[in-house]
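Quick caveat: nothing in here was measured; it's all calculated off a predicted structure. Residue numbers begin at 1 in each chain, while the letters A, B, ... track the order of the sequences.
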Amino acid sequence: MSKSVVTRFAPSPTGFLHIGGARTALFNWVFAQKMGGKMLLRIEDTDRERSTDAAVTAILDGMTWLGLTWDGEPISQFARADRHAEIAHELLAQGKAYKCYSTPEELTEMRERARAEGRPPRYDGRWRDRDPSEALAGLKPVIRIKAPQSGEIVVKDHVQGDVVFRAENLDDFIILRSDGTPTYMHAVVVDDHDMGVTHIIRGDDHLTNAARQIVIYQAMGWDVPEMAHIPLIHGSDGAKLSKRHGAIGIEAYRQMGYLPEALRNYLARLGWAHGDDEIFSTDQMVDWFSLEALNKGASRFDFVKLDNLNGHYIRSADPARLYDVMVETASETGRNSDYAGLVANKQTILSAIPELQPRAKTVLELIDLAQFIYAARPLPMDEKAALLLDADAAAHLSKLVDIFEALNDWTVEALDGAVRSYAESVELKLGKIAQPLRAALTGRTISPGIFEVMTLIGREESLGRIRDVVAPNR
RNA sequence: GCGCCCUUCGUCUAGCGGUCAGGACGCCGCCCUCUCACGGCGGUAACACGGGUUCGAUUCCCGUAGGGCGCACCA
């Protein structure tokens with residue numbers, strides 16, 4: 001019986017949860033679910049300059065919205081600094097690490113000279129075997145680990161396969177800074193070990209770091225966790241995502257009207273596949289997932305495809321839930337008049353949503369499509385709608401007002417029948433009558449079925465809107 | 001510069017020596033139809049290049065080109 005799986009998601013709180021981080025979190029979560037294990041959350045906040053509480057909140061909120069749960073309390077890496085230092089000193093005591101008294105200026109010069117001579121910019125190990133007594137008085141040392149000087153380090157990766165690094169390419173890197181704080185490379189290893197992490201799933205920008213981290217694991221005699229370095233996500237133009245290039249926070253996707261299940265499905269298909277399956281539930285994702293099925297190549301983020309998937313999930317969503325999401329989204333994005341209209345017309349909106357669902361790809365579009373319900377008379381006409389309402393159209397609409405007033409039932413069937421027979425009586429195709437009617441009733445040329453619109457807004461409102469365009473001054 | 005990783009339709013991908021190279025999104029056409037969607041049907045489009053290995057390479061190996069990541073007392 002192998003020990004149960006523990007994964008972790010370890011964001012640094014220097015900004016929002018971006019799309020790449022969200023996918024990393026998703027894969028960690030899905031894998032833990034599948035294996036019946038746990039996913040822990042560790043906030044890598046050792047960079048005190050750039051870490052903020054607001055970012056931590058944004059990340060946790062983003063994960064919660066996406067439906068990614070973690071086990072236990074989030075762990076602060078910064079809070080564990082003493083433990084990191086303890087291990088660094090243990091390594092020192094064992095002679096597997098040493099104090100280095102090189103100054104930053106000295107290191108800069110070392111790198112520049114190496115670069116000038118065409119050598120890799122690495123620390124040359126000058127303090128590896130030097131006696132501390134040779135150091136300048138008052139200088140605070142850093143602690144460097146003794147990396148192997150020959151042989152190779154193999155990262156056994158579930159995605160990338162065995163990746164071999166020659167020891168010559170690894171230098172004696174710093175594990176504890178001169179102020180006694182740990183470096184990222186060191187803190188990660190100590191934390192992953194202490195947290196009992198069995199599987200490290202992270203972006204492949206960490207692949208070369210993995211070799212360095214293995215040096216620490218080996219020095220401590222610790223088991224190296226299983227690793228899976230997943231490919232990165234690029235922007236739609238193939239360029240790396242950056243702050244000014246599409247790397248927006250997960251909350252921005254919510255504000256753009258995407259549903260979390262759509263995003264989960266989309267993200268899962270970026271770099272991972274289960275045969276030809278495109279649309280699948282989160283349960284299926286968990287059921288089908290395997291690290292070996294992850295791709296190695298980076299993929300591009302494609303909003304068009306996300307839109308398509310989101311449309312699918314909007315179509316299959318429960319109207320009551322969609323209503324809530326519409327209200328939240330309107331509120332959150334400052335669409336105040338929409339918010340007021342949605343809240344004031346809850347019942348009508350609720351019954352209209354099934355008509356709206358097949359027509360929207362995002363919640364924002366859903367809101368837009370619902371506007372005809374709460375638009376105030378006289379309705380604003382968009383350009384195409386205004387063009388439809390010429391004198392001919394007004395004449396027909398005027399007749400229709402009479403017909404509608406005489407109608408006993410205000411139902412889709414009754415209205416449909418009435419308008420059809422009118423169109424027949426004047427020898428016009430239904431569309432010739434329906435389009436001006438649509439313009440008058442919605443102010444637009446596109447809308448749900450026009451008879452559905454009429455039943456939704458009701459007889460009085462319908463007649464009022466038609467009269468507004470037939471006799472604007474009355 | 002050094003190290004490592006990657007490369008199938010425009011995009012996401014299936015493929016794991018022998019396939020008419022499959023699916024999805026997009027796009028185009030047709031159908032449905034009161035508009036727009038939805039839905040249905042059909043179509044367009046790819047193995048980066050050059051060498052090997054093999055009876056046979058999209059698939060295995062080596063180069064080339066292109067892309068990415070890393071090389072801090074950042075994470």
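- Comparing the same atom, C1', in B/rC73 and in B/rA14 gives a spacing of 48 Å after rounding to whole Å.
- At a cut-off of 3.5 angstrom, counting only N and O atoms as typed in the model, there is a donor on one side and an acceptor on the other between the side-chain of A/R438 and the base of B/rC34.
- Salt bridge status for A/R444 with A/D382: absent, with no side-chain N to carboxylate O gap under 4.0 Å.
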Query - Letter per nucleotide, 5' to 3', of nucleotides 2-10 of chain B [B base touched, S only sugar-phosphate touched, - untouched; heavy atoms, 4.0 Å] - result: SBSSS----

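- For A/T183 and B/rA75, the shortest distance from a side-chain N or O to OP1 or OP2 is not below 4.0 Å.
- Looking at A/D276, its side chain comes within 3.5 Å of the base of B/rG22 through a donor and an acceptor atom.
- Ion pairing between a basic and an acidic side chain is recognised when a charged N comes within 4.0 Å of a carboxylate O; A/E365 and A/R359 show no such pairing.
- Considering only side-chain N and O atoms, A/R202 lies nowhere under 4.0 angstrom from the phosphate OP1 or OP2 of B/rA75.
- Scanning atom types as modelled, one donor and one acceptor separated by under 3.5 angstrom connect the side chain of A/K305 and the base of B/rA24.
- Contacts with RNA chain B (heavy atom under 4.0 Å) in residues 279-290 of chain A: none are found.
- Salt bridge annotation for A/E461-A/R465: present, with a cationic side-chain nitrogen under 4.0 angstrom from a carboxylate oxygen.
- The side chain of A/S299 sits closest to B/rU13 out of B/rC73, B/rA75, B/rU13.
- For the segment residues 439-446 of chain A, residues with any heavy atom less than 4.0 angstrom from an atom of RNA chain B are, sorted by number, A/T445, A/I446.
- Among the nucleotides B/rG68, B/rG23, B/rA37, the one closest to the side chain of A/L232 is B/rG68.
- Distances from the side chain of A/R359 to the nucleotides B/rU35, B/rA72, B/rA14 place B/rU35 closest.
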